[in-house]
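Working notes for the structure below.
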Amino acid sequence: MSLWAEHLGMLDETFKEPERLECVHKVNEIADDNWRIYASEEMSLLQGHLLKYPVQIDSDGQVSSLPDCDSFPDAGGKILGAHSATIPDILTT
């Protein structure tokens, strides 16, 4: 429970059974909300410090960045990375 409290900034009875779908949905909901707060123009506090990584995966396994979000808002780095002529893709993806 201390791990949940550390990463999510809260405790909930749902976290006592992490294998249950209800727990997975709760954690994903918090992570999604935290990403929206982080990517927002307005400054707000996060619920803990767990964020959704800003990618989406389609039914064919194709990975893409979230709509209208190709780069991290604070650092500007590309979410999906970029091809490098000197570093093999296997090391950067």
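Because only heavy atoms are used, hydrogens play no part in the values below, and waters and symmetry mates are left out as well, while side chains stay in. Because the structure is predicted, anything quoted here is derived from the model rather than measured.
- Under 4.0 Å is where a charged nitrogen must lie from a carboxylate oxygen, and between E13 and K16 at least one such pair does.
- In this structure, CE on M1 lies 9.0 Å from CE on M10, to the nearest 0.5 angstrom.
- Proximity of a side-chain donor or acceptor of W4 to a complementary backbone N or O of L11 within less than 3.5 Å is not detected.
- The shortest distance between side-chain heavy atoms of F15 and L3 does not fall below 4.5 Å.
- Considering all non-hydrogen atoms of both residues, S65 and D70 come closest at OG-OD1, 3.0 Å.
- For E42, there are no salt bridge (charged side-chain N to carboxylate O under 4.0 Å, His left out) partners, not counting sequence neighbours.
- Considering all non-hydrogen atoms of both residues, P73 and A39 come closest at CG-CA, 3.8 Å.
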Check residues 43-56 and write down every donor-acceptor pair under 3.5 Å in which the side-chain atom is one partner and the other belongs to a residue at least two apart or another chain.
unit_1	atom_1	unit_2	atom_2	d
Q47	NE2	L8	O	3.1
Q47	NE2	G9	O	3.3
H49	NE2	H7	ND1	3.2
Y53	OH	I79	O	3.4

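- Going from atom CD1 of I30 over to atom NE2 of H25 covers 13.5 Å, rounded to the nearest 0.5 Å.
- At least one donor-acceptor pair closer than 3.5 Å links the side chain of D12 to the backbone N or O of T14.
- With rounding to the nearest 0.5 angstrom, the CZ atom of F72 is 12.0 Å from the NZ atom of K78.
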